[in-house]
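First up is the structure itself, then whatever we jot down about it.
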Number of protein chains: 2
Amino acid sequence: MIKKQLIMEKALELFAQQGIEATPIQQITDYCGISKGAFYLSFKSKDELIIDLIDHFMMEIIADIDYTVNNTKNDEELLYTFYYSTFDSFHKHSDFAKIFIKEQTKSFNEELIVKIHYYDRLMEGIILSLIERLYGEKVKHTKYDLIYCIKGLMNSYSGLFLFNNAPLNRDLLCQSLVEKTNLLASHTTVPFITPEDFQMLKHPIKEEITMEQIIEMIEQILKEIEEPIEKESLILLKQHLLEPTLSPAIVKGLLENIRNHPHCKWVSYLLFRYYELEK
Amino acid sequence: MIKKQLIMEKALELFAQQGIEATPIQQITDYCGISKGAFYLSFKSKDELIIDLIDHFMMEIIADIDYTVNNTKNDEELLYTFYYSTFDSFHKHSDFAKIFIKEQTKSFNEELIVKIHYYDRLMEGIILSLIERLYGEKVKHTKYDLIYCIKGLMNSYSGLFLFNNAPLNRDLLCQSLVEKTNLLASHTTVPFITPEDFQMLKHPIKEEITMEQIIEMIEQILKEIEEPIEKESLILLKQHLLEPTLSPAIVKGLLENIRNHPHCKWVSYLLFRYYELEK
DNA sequence: TTGACAAATGACTTATTAGTCATTATTATA
DNA sequence: TATAATAATGACTAATAAGTCATTTGTCAA
């Protein structure tokens, strides 16, 4: 279903320029060169389009960052790599990042708010595991507080480069943030957010995903993509889920095959977790 | 014009609950117990209401913070006082802070975007003068960078308390932020934002205001308020602007009279600056 | 070539809401 | 009390945009 992708791309562009509310379906379809009716063959409603956009891009962004963090073996580079891949993702999907940062909540439906919360918690989870890995016991009392500092810094500086088209020195930015993070992690003695506070902001980061859900997602993706390698890899992975026959090396290779396809990032991330191929 | 105030208050409440776009004029007027037509006797349009809300509250918040900072003589307390009065203002006007944080930009008209920029720059100006006063030459190369750190921290933690009705320990929060700010100010060696970058984000913070504009504002306020003391003080201050006759002590006293009236905060702030009664 | 099926179209329906204005109610004044 | 001036009303207009569906267009197998 290539049409769906076209609509999502063009809609995102218009949303970033004008805002979501200010962009009528008609304008999106005109921009795509299709009829208004055709839109409703791909999406049930405008809200569904918005939800799909958020899911698509947040999944991709988070899967990217998490993968990068998990595959950086050298602790010295970890923090830098984290910031770098985060800003890299924001930059790559800057249209999405713009609407996401600026149009949070509004009134919108409950589903959207829950979604945004969910991805926010996921991001916090990644940051937390990074902090624990880097600083361990030293930040026992300050680690949850540190999460909010990191989020604040990221937000402040990313706004700067999303809404200013001046080219910026991403290397310097990341070095600078690494220094700041290390400073705060090493010397903070008065944390504001305690472990209890953090728990209180409930909604577990987990949300275990079942094998059935993954299979369903694979079937969905199979309908959407054409590339033969990715397609075959997905089919094999699906069969392996139903009845394990492949060796770990083959599974890992298949996952590498699909990892960089935009439609597969999320599912490959979930499968990596499912098979615990990395920690 | 008490009607205008009523509409602003009720509208703010509904905006904070449902979002601006999602709140029709009819609902606001119903909530006020007036007719729809009456709305248009007070405001030319819905956009004017929004602009007025932003002006009213931003002026009050910024005047408050600036006044507090300028009247804290003890440098030891300065940073703490700054954070405390900021969060105090956010808390006092939490409905406004909510819509302001969440609904930035959208598509909206040019005027709004310029307004928001303007107040953002004003806030940066206050933070900058605070940093310069506290750390002086030591932060020559990092002060502009520090501004973005402080803004990021404020944003991160204020979001936490605006959208979580749990009571929070504001004293601890401020102590914690003071420590963080001091850490960053004392040890940062790799700033990201250079003085040149900061200049590039142009639009001067100044925007000098003329005496005529102040007089016009006073006349506007005189139509809106009833309290006799404030009213007389304003009339005397206006006369003094046209033809200086009062001693500095009397002027200062008159300004103190109006300082805490919601409608007068901005004008009193401007007059303080105009007479340079404090630095 | 034809007929069956699917894909695509865009005029239409329905709903919402900003803003207007002729009419009515209220208040002030003579 | 009568009259003029002002304030308030809400039915109405006009504009916009989401979503529908009868009709047209395109595709492909027989």
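Naming convention: chains lettered A, B, ... in sequence-line order (proteins, then strands); numbering from 1 in each chain.
Between the side chain of Ser94(A) and the backbone N or O of Phe90(A), no donor-acceptor pair lies under 3.5 Å.
Whole-Å rounding puts the Leu49(B) CG to dG19(C) P distance at 11 Å. In this structure, CZ of Phe39(A) is placed 15 Å from P of dA8(C), rounded to the nearest angstrom. Nucleotide dT17(C) holds its P atom 15 Å from the CD1 atom of Ile20(B), rounded to whole Å. Put simply, CD1 on Ile28(B) is 17 Å from P on dG10(D), counting in whole angstrom units. Rounded to whole Å, the distance from CZ on Phe43(B) to P on dA18(C) is 14 Å. In this entry the distance linking CD of Glu48(A) with C1' of dG19(D) reads 13 Å, nearest Å. Put simply, NZ on Lys3(A) is 16 Å from P on dA6(C), counting in whole angstrom units. Leu41(A) has its CG atom 17 Å from the P atom of dT25(D), to the nearest Å.
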Expected list for residues 25-41 of chain B: side-chain donor-acceptor pairs under 3.5 angstrom, two or more places apart:
residue: Gln26(B); atom: NE2; partner: Asp30(B); partner atom: OD1; Å: 3.2
residue: Thr29(B); atom: OG1; partner: Ile25(B); partner atom: O; Å: 3.3
residue: Thr29(B); atom: OG1; partner: Gln26(B); partner atom: O; Å: 2.9
residue: Tyr31(B); atom: OH; partner: Glu13(B); partner atom: OE2; Å: 2.5
residue: Ser35(B); atom: OG; partner: Ala38(B); partner atom: N; Å: 3.2

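Remark: Ile218(B) CD1 to Met211(B) CE distance equals 10.0 Å, nearest 0.5 Å. Rounding to the nearest 0.5 Å places OG of Ser42(B) at 10.5 Å from CE of Met8(B).
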I'd like a list of close polar pairs between nucleotides 16-18 of chain D and the protein, N/O only, cut-off under 3.5 Å.
residue: dA18(D); atom: OP1; partner: Lys46(A); partner atom: NZ; Å: 3.2
residue: dA18(D); atom: OP2; partner: Ile25(A); partner atom: N; Å: 3.0
residue: dA18(D); atom: N7; partner: Lys36(A); partner atom: NZ; Å: 2.9

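Using a 4.5 Å heavy-atom cutoff, the side chains of Met58(A) and Tyr118(A) are not in contact.
Below 30°, between 30° and 60°, or above 60°: for Phe57(B) and Phe96(B) the angle between ring planes is below 30°, a parallel geometry.
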